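The next block holds one structure in the form of structure tokens; read it before the comments.
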2 protein chains.
Amino acid sequence: MSEPPRHEKRRRKGLDSPTLTDVAREAGVSSITVSRVLNSPDSVRESTRHKVEAAIEHIGYVRNMVAGSLASARSRFIPVIVPSLSNVVFIEVIQGLQATFEQHDYQILLGNTDYSMKREEELIQTFLGWSPTALITTGLRHQPGVRAVLERYSHPLVEIMEVGEAIDMSVGMSHYHAGHCMADYLVSRGYRHIVYAGTQMDGNYRAQQRYEGHRDRLQEQGMAAPLLEWHDPSQFELGATALEEVRKHHPRADAIHFADDVMACGAILHANRHGLRIPEDIAIAGFTCLPLGQSLTPRLTTIHSPREAIGRLAATQIITRLNGGQPDSSAIDLGFELVPGDSA
Amino acid sequence: MSEPPRHEKRRRKGLDSPTLTDVAREAGVSSITVSRVLNSPDSVRESTRHKVEAAIEHIGYVRNMVAGSLASARSRFIPVIVPSLSNVVFIEVIQGLQATFEQHDYQILLGNTDYSMKREEELIQTFLGWSPTALITTGLRHQPGVRAVLERYSHPLVEIMEVGEAIDMSVGMSHYHAGHCMADYLVSRGYRHIVYAGTQMDGNYRAQQRYEGHRDRLQEQGMAAPLLEWHDPSQFELGATALEEVRKHHPRADAIHFADDVMACGAILHANRHGLRIPEDIAIAGFTCLPLGQSLTPRLTTIHSPREAIGRLAATQIITRLNGGQPDSSAIDLGFELVPGDSA
DNA sequence: ATGAAAGCGCTAACAC
DNA sequence: GTGTTAGCGCTTTCAT
């Protein structure tokens, strides 16, 4: 009679880290009790809890989140897909998200598309493999495939930065109105030859929407709305270039409406270096309201976008839903604020 | 004879997403073959692979990474612990890391300590629960508990930003020497009353190390090394405040050596607003070399820190080790470069 | 090159 | 309030 093949009940690899069961044995309880101490401490009698906590401490138990996620089919991961990390705006959104999620023990998975819709698709595919608790992605436009996937996704989903027809929820502001608003302000200040200057506007269609708002306002006025566009990432240097090109190709221009503050600041810095007077020689307006613009001389006229608020609210919406609640609204428009400076 | 209670073999929840087994059935192979197609396609005959790939496509299979991580005890997660996301330097490090890791299908888990050593401990504890493939953390100093945990950690570990005695590997630069180098430069330019100004230097002991290098150089010269310190996060406004305070409390000061470029730029912007001449009235030096400083008038004298390189190299070190290689060196000093401007 | 069996460490469901 | 049992969906080991 040969014995049945004995299988080592011990771990396959050199992983000798203690498990829930080890803690349970040490504490003289069952493993589910240890699990409860970790997940819903209030459902365990205090004395039991103390025993278990002592055992955890004693054997140096580290919780295996992977096993927990598999068993419960929920991972406490929340992917956040943004188009860029070079743009401070998204960093601030992420900070808002992180601050809120961290209090509820959710972990962000950061995804950067570099303004590529195709990359968004890959990222979502990957992230779905982690059984995410919820999903956050930037913008309301997606590849058809992504859209289909997101529509099928049955957990909380927030599309951030914009307002409009959301798949599940959205938190953002209207870029069209922001562009319109700034154009209106420039017109009201007496500018008559306003050039719009942006970069990477094919991928960054929020900048495109701002341009459309701008253009529509100028057209109401019977004014042309020339657009100057580049394809490099937004940097100070590009703002300087833009300023030069406007002066060369649009000599009558009396104002430049920049798609973002970085380029606008770059233009002001360039003007300062070369003795160009702003707004007398040419006026400058930006978008987003970075601290730098408010410290320059002249102070930048811009629009403040509520990005940390977007982050915090997006997170709050998700938490509400995860706790079984129904958020007050599924589409939140946080608005924006025109910040008059001295540059226009 | 009552039948034994029948347990639904199907999924507990409404999770009807297809599994490896579903794909296997569809393709007429075993599940392990599907697994191999996903993990080591070369070990599967081409015809089999095509069958499986077709099945995956057909039923819309999404890989469950959580289950895979549990079974293999490796998660493809690499936690990255940084002290701040408000500091662009760390954003750039993260970008360098992400660019490299993404090519190898590793996912960063971002942790932000806000310069709290205690928070670092919590984060590491949490992250270890995800069976991380490797670990990246900022700095060489840790709470005793953290140190013990890290020393026991048996996977690749990189401590970034500094040079010195690493637990496993390190990639960084010498902050002491950077401070020393800038002080030396200022002395050589003829400045004789140099104030060092920094903020949050208790938590950010790299700034502290720069100060020590600065101080030691001045002491060699027989000069005093006054230190002005704040506790708010570094912002332009704080640089302005610092400039004012130096002029008030150190009227003989002819130079300010700032712990970072943000404050230094803030000081220059403030000087520009108030007609103070830099460097004639007072000289300004910074640290890290942000684009802004190089676009200001006067251009900021600063030190360039190799942060994207730190990110890329830290990632490369880890990949090398994960592929079974041995990196050339376990402690990499990427150095720094003094960037003379017009502000000092 | 492919498969069968046995878990990885945890939690859901249901009993007591 | 606590325990028992049966998986979660994948990969490992070992066999063919």
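Numbered from 1 within each chain, the chains take letters A, B, ... in sequence-line order. Scope of the values below: all heavy atoms of this structure, side chains included, with no hydrogens, waters or symmetry mates. A quick note: this is a predicted structure, and the numbers were derived from the prediction, not measured.
Which of dG9(C), dT12(D), dG3(D) sits closest to the side chain of Leu70(B) comes down to dG9(C). Nearest nucleotide to the Ile32(B) side chain, out of dT11(C), dG9(D), dA4(C): dA4(C). Taking every side-chain heavy atom of Ala67(A) into account, dC10(C) is the closest of dC10(C), dG9(D), dG3(D). Ranking dG9(D), dT12(D), dA12(C) by closeness to the Arg74(B) side chain, first place goes to dT12(D). Nearest nucleotide to the Asn64(B) side chain, out of dG9(D), dG3(C), dT11(C): dG9(D).
Enclosure of atom CG in Asn323(B) by more than 12 non-hydrogen atoms of other residues, nucleotides or ligands within 6.0 angstrom is indicated. Crowding of His58(A) atom NE2: a count of heavy atoms from other residues, nucleotides or ligands under 6.0 Å not exceeding 12.
Between Gly28(B) and Gly68(A), the one whose closest nucleotide on DNA chain C sits nearer the 5' end is Gly28(B).
Rounding to whole angstrom units, CG of residue Asn39(B) and C1' of dT12(D) are separated by 12 Å. As rounded to whole Å, 15 Å separates atom C1' of dC10(C) from atom CZ of Arg76(A). Regarding Arg45(A), its CZ atom lies at a distance of 10 Å from the P atom of dG3(D), rounded to whole Å. Rounded to whole Å, atom P of dG9(D) lies 15 Å from atom CH2 of Trp130(A). The NE2 atom of His50(A) sits 12 Å away from the P atom of dT2(D) (whole-angstrom rounding). Computed from coordinates, the Ile56(B) CD1 to dG9(D) P distance equals 16 Å when rounded to whole Å. Whole-Å rounding puts the Asp22(B) CG to dC8(D) P distance at 11 Å. Spacing between atom CE of Met65(A) and atom C1' of dT11(C) amounts to 13 Å, rounded to whole angstrom units.
At the heavy-atom level, Arg36(A) lies under 4.0 Å from base atoms of the strands shown. Ser69(B) comes within 4.0 angstrom of no nucleic acid atom, judged by non-hydrogen atoms across all strands. Within the nucleic acid shown, Val29(A) comes within 4.0 Å of sugar-phosphate atoms alone, with no base atom in reach, counting heavy atoms only.
Not one side-chain nitrogen or oxygen of Ser72(A) sits closer than 4.0 Å to the OP1 or OP2 atom of dT11(C). For dG3(C), one of the phosphate oxygens OP1 or OP2 lies less than 4.0 angstrom from a side-chain nitrogen or oxygen of Thr33(B). Applying the 4.0 Å criterion to OP1 and OP2 of dT2(D), one finds that Thr48(A) has a side-chain N or O inside that range. The phosphate of dT11(C) has OP1 or OP2 within less than 4.0 Å of a side-chain N or O from Ser35(A).
Classified by interplanar angle (parallel below 30°, tilted 30° to 60°, perpendicular above 60°), the ring pair Tyr115(A)/Phe90(A) is perpendicular.
We find that Glu122(B) and Arg119(B) are joined by a salt bridge, their nearest charged nitrogen and carboxylate oxygen being less than 4.0 Å apart.
When atom types are taken as modelled, the side chain of Ser40(A) and the backbone of Asp42(A) share no donor-acceptor pair closer than 3.5 angstrom.
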